Every structure is written in C-alpha cells, then in structure tokens.
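For reference, the structure is listed below as structure tokens.
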Amino acid sequence: MILFALILWTALFYFVLDRHSLLETWLLKVVISFLFITCATTFLFFLSLVAQLNFNLFQLIYSAIPLFILLYYLIFIRSKETENSLPLPYVSNRGLIIIFSSLIVFTILFFNSTQRWGHWDAWAIWTMHAKFLLFENDFWNVFTNDIDWVHPDYPLMLPSIIAIIWKSFQTQSAAVPLIIAYVTCFLILMTIIASFIEDKQLKKGILCLLLLSCTNMLSKHGGSQYADTLLSLFILIPFVLIKHLPKEGNNLLFFLIGFFVASSGWVKNEGLAFFALFSFFFFISSFKNKRAIIIYLMGCIIPLIVIGCFKIYIAPANDLVSGNGDSQTIYTKLFDINRHYITMKYFIVDLIIKLPILVFLVIYTAIKFQLWKTLAFRVIAFLLILYYFVYILTPRDLVWQLSCSFDRLAHQITAVMIYTIFIVLESNWLKEDKSSSLVYKIQ
Amino acid sequence: MKIRRNIILVFLITLGIILVHQTFRLITRTTSAEHLGELTKELINDVDKSKNLYFLSNNSSTHIYFMTQFVCVPNTLIKKNYEEVPPNGLILMVNDLSYKDSSLTLNPQTQQTELLNSQTNLLYKIDLVKKK
C-alpha cells in the first residue's frame, strides 16, 4: 500500500511542480517529485514511530489523502489544460539508444559490485537500523552506547525507507535494500540526464551519463548499499535546481532547494556539514534577495525540526563530539604534523588513484573554464576542507578512519562534481548541432 | 514513432530481465545472517524484546558478533567477558563450528549457568543460557 501512496503523492507533487515551477522536462519533475515525497514520507514515518501511531493506520491515512486530492486536482488540471501547452522536450532515437544502453551497462556493473545485504556497513549500520525501526515499541533499543558500533547517532532516512517498505510488504527481504540502492543510483543518472535535456545540452548530458554509468565511479559504491549514494543524490539535487532557476527566481524552487539541502542532514551526519556550507554560500550569493533567503529557510524548517528532535532527544552523542575516550587534545592534534601528512597524502594520492578521470577533469576545467567560480565547486571545496579537519580531530585511529571512509566521502561528491564539470565544459565538439541526430528538439 | 516505441520496449524488457534475474540470484544466496537467523529465531522468540542479551563466542571476529546482533534485533547484544555479565543475564553462546581451532567452553563457569535452549545447524551451535 505504501508504494501506491508514494506513487499517488509523487503524481500529486508532479502536478504542483508542473504548475508552479518553470521546469519543462517531465523526467526532471518526476525525479524531484519522487525524491521530495520519499523524503517527506521518511519524516512522517519517523514522527509516527515516535508518536507510536499504528503503521497500518499511518498507511491508510497516508494513501487516502493523496487519492482524494489527486482526483480533485485532475479535474482542476483538465479544466486548465488548454491554457498550459508548453512544448515537451524530445530526444532522438539514436540518443535514446545511447542513453538506454548506458543504463543497461550501469545495471550490469551495479549488480556485479553488490552482494546480499550489501557491504559491511550496509548491514551493520543502515539495514540494522531499519530492522530496529520495524518494532514500534522497541526501536528505542538501538539508541544506546552499549552497541555504539552500530552508530546510533546516524540519521534515519535510508533505514526509514527500507523499514517503510519492509513493513508495508510484511517482509525483511534482502531485495529491498538492494533495490533501494539501485533506484538511488538510477535517480542520480536520471537527474543528470534530465537536467541536461532541460538545458538543451543533450550531447553533454549523454557524455556525462556515459562517464558515470559505464565506469565504476557510481556502481562501485552504489552497490555497497551504503547511505553515501543517497547523500550524493541529495548533494546533487540542489545544484541541479539552482541551475534551472529563472533569473527572476521561483518560490517553489527556492523552497525545494532549502528542503533538499536541509534533508541531506537526515541522510548522513556529513549532510549537516553540507547544509551549513551550502546555506552560507547561498546567503552570500543571494543577500540582496531577501525573498529567496526567506523561502529557502522555509524549505529548511521541517527537515531541521525532525533532525533536531532526533539529535537532541533521541540519538546519543556522536563519537567525534563525545571524544570517545580519546585523550589527545584538539590543540595537540591540530599541530601534529604527522597527522596532517597522513591526511594530506590520502586526500591527494587516494583521489588520483581512485578517481583519476575526475581529478583530471577538475584540473582541466579549473584552468580552462574557471570551474572555481561555480557555487558547487566552492561548496564542495570547503566541504573537503571541513572533512580534512574532521579527520585531523577524529578520536579514532586516523589511518583506519581514512582507509574506511575517505573513498566514501569522495563518492558523495563525485556526481555533483562531474555534473558541474560538464556544465562549465565548452568546446566546439560539444556545442549542440541542430543538424545532429542527437540534438534536443522542441516538438 | 513505431521504432521509438520498439526501442523503449526492448530497453524495458532487457532491464526487467536483468533486474529480476540479478535480484533473484542475490537473494537466493545464503549468508551467515541466514544461518544465524534460523537458529536465533527459535532461541530468542520468547525473550522480552527490550531485554539486553550478552554475547560469547569461540570466534573472536567482530563479523560474527555484528551478524548475530543483526539477526537478534530488536534485542541488543552486548559483547562482554563472562565475569562481567550480571547475575540472571541471558547469554547467547555462539559456537562457530567451522572455526576448528577452539571450541566455546564455559568451564568451569558452566556450573554457574542454566541452559534455557539450544539450537544447531551445519555451521553454528547456539546456546541460550542464564547466568545464575
């Protein structure tokens, strides 16, 4: 029933987005609607758990409301149909074959890199949390430092999505986290291609899609079933929305940017750092546009309330905050040259070895196309600096921490960096040629 | 338009086949989670869900401990030495049968425990005991 409700709500929000934003591409609107609804569902599910609301009742109410609104809205839309006749984007047959082939290749790569219950942290943290969330009266058991290795302070978006579907189908099948991981990767690819279609840059979009889907950039970590891929999607979406903001602004898009940026803190703790940095740069760039800032903040409110309630009243303190018995002071660590050397080595060598194409493209576009002037580059650069100092101050063994998590951090920013690189990339070869069969056409 | 429809159809069928085949291939594989799960399901069925359990094993790897916690949800499983387990504490003694170097023995502490239930399969033997 919950999937039915998700589809209904997505359809409903699609109509809202269609009506109140200037986005043209249906694919982009579907992706954003689906993601918005999924995210909102996890908030409601968590609140229903805290309020000890029966899940069947939750499902019933959650499905009934959009059904009635949608019926009303469809009638309303039909009456306005003639007024709204924007042309639909069109991709040629050859373009379609390339896009579909790359998605098939990605699917094969994804399933080759995954396994039942995912990699270690997938079952030991994310799916484990989801299992706890299945028990309305006993899910509190997870929020204890007795089993601190399950990281009870980690936010609950991915576990909530898994638990909602498990509960709805009354199963605990390993297929659910697997399919969720696949859909998350798929949504990243769809968001990127849809954004380039919206921007009438199909060649760039296809190249970007080929790079992400036919290499192991996305599939390797996507197949792990960790929450990092979901965070990668939540980091990507706000920049995609900003890219399609009209000059005069758009209230709904500002609201959605705020919502997605703040919601990234509900995916992983790193998302809170992203939220802080993105907001800082957003305020700087829009300080003259008070309306944009107010609507952005309105979008942030609900996610921040849920995250705040979770962090303040439910989750135990994060090991970085609590210190986890570490005796070295912050001052000592900050001025420990060896820690800087090890971390720096990881940041440079690991990135070059594991993501050579990304590093090359970043350097190339930074020199030739002033990549650093983009909002995405600035936010991600400062995010990396922040991560760097988190490593310097970590209470855990530094080498172990770096070896366990650095490639995941790189994975979180890969999609958005590749997307931004292709946005700024310009060459004669990539210019859209109207005679080309790959051209974006307006019917 | 017909070509376009065929392209979409071929894509959807191919993707569907891959998804169904690969998902089925993966979920029919059994991991230690399934082997441990079939035993603990019987063992802790009647245990109060809010109660902490204690974990002892002949295999010191964290993998088996984490996996046992994974299948024992919503009970929490705390890894402690036998001496640290409080009286009346419930202990899951997981004997990894594929781990041949040592076997889990609670001697001489076995005198101080009460065996509540025991389950065995090809890979594991798990006892639920209560410390007196």
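Quick note on labels: first sequence line is chain A, next is B, and so on, each numbered from 1. These numbers come from the heavy atoms of this one structure, side chains and all, not from hydrogens, waters or symmetry mates. All of these numbers come straight from a predicted model, not from anything done at the bench.
Residue Thr62(B) touches chain A through both its backbone and its side chain, counting heavy-atom pairs closer than 4.5 Å. Heavy-atom distances place both the backbone and the side chain of Phe111(A) under 4.5 Å from chain B. In this structure, no portion of Leu134(A) lies under 4.5 Å from any heavy atom of chain B. In this structure, the portion of Asn75(B) lying under 4.5 Å from any heavy atom of chain A is its backbone and not its side chain. If you measure heavy-atom distances from Thr144(A) to chain B, the contacts under 4.5 Å come from the side chain alone. Residue contact with chain A, scored on non-hydrogen atoms closer than 4.5 Å, involves the backbone and the side chain of Ile8(B) alike. Only the side chain of Tyr182(A) comes within contact range of chain B, with at least one heavy atom under 4.5 Å from a heavy atom of that chain. Only the side chain of Ala124(A) comes within less than 4.5 Å of a heavy atom in chain B; its backbone stays farther off. Only the side chain of Glu34(B) comes within contact range of chain A, judged by heavy atoms closer than 4.5 Å.
Put simply, of Thr23(B), Ile78(B), Thr28(B), the one with the most heavy-atom pairs under 4.5 Å next to chain A is Thr23(B). Across Val142(A), Thr127(A), Thr114(A), the residue that shares the most heavy-atom pairs under 4.5 angstrom with chain B is Thr127(A).
Listed for the Gln225(A) side chain is no donor-acceptor partner under 3.5 Å among the backbone atoms of Ala122(A).
Ring pair Trp120(A)/Phe66(B) is perpendicular by interplanar angle, where above 60° counts as perpendicular and below 30° as parallel. Taking the six-membered ring where the residue is Trp, Phe55(B) and Tyr65(B) present tilted rings, their angle falling between 30° and 60°. Using bins of under 30°, 30° to 60° and over 60° for the plane-to-plane angle, the ring pair Phe55(A)/Phe58(A) lands in the tilted bin.
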Does the pair Phe132(A) and Trp140(A) meet the rule for a ring-ring contact (aromatic ring centres under 6.0 Å, His included), with working shown?
CA-CA 8 Å; Phe132(A) 275 99; Trp140(A) 302 96; over 10 Å; no

Taking it one step at a time, do Asn95(B) and Asn58(B) satisfy side chain to side chain donor-acceptor pair (under 3.5 Å)?
CA-CA 6 Å; Asn95(B) 204 332; Asn58(B) 63 324; 3.2 Å; yes

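Taking CG from Leu56(B) and CD1 from Ile126(B), the interatomic distance works out to 12.5 Å, rounded to the nearest 0.5 Å.
At a threshold of 4.5 Å between non-hydrogen side-chain atoms, the residues Asn117(B) and Asp127(B) do not count as touching.
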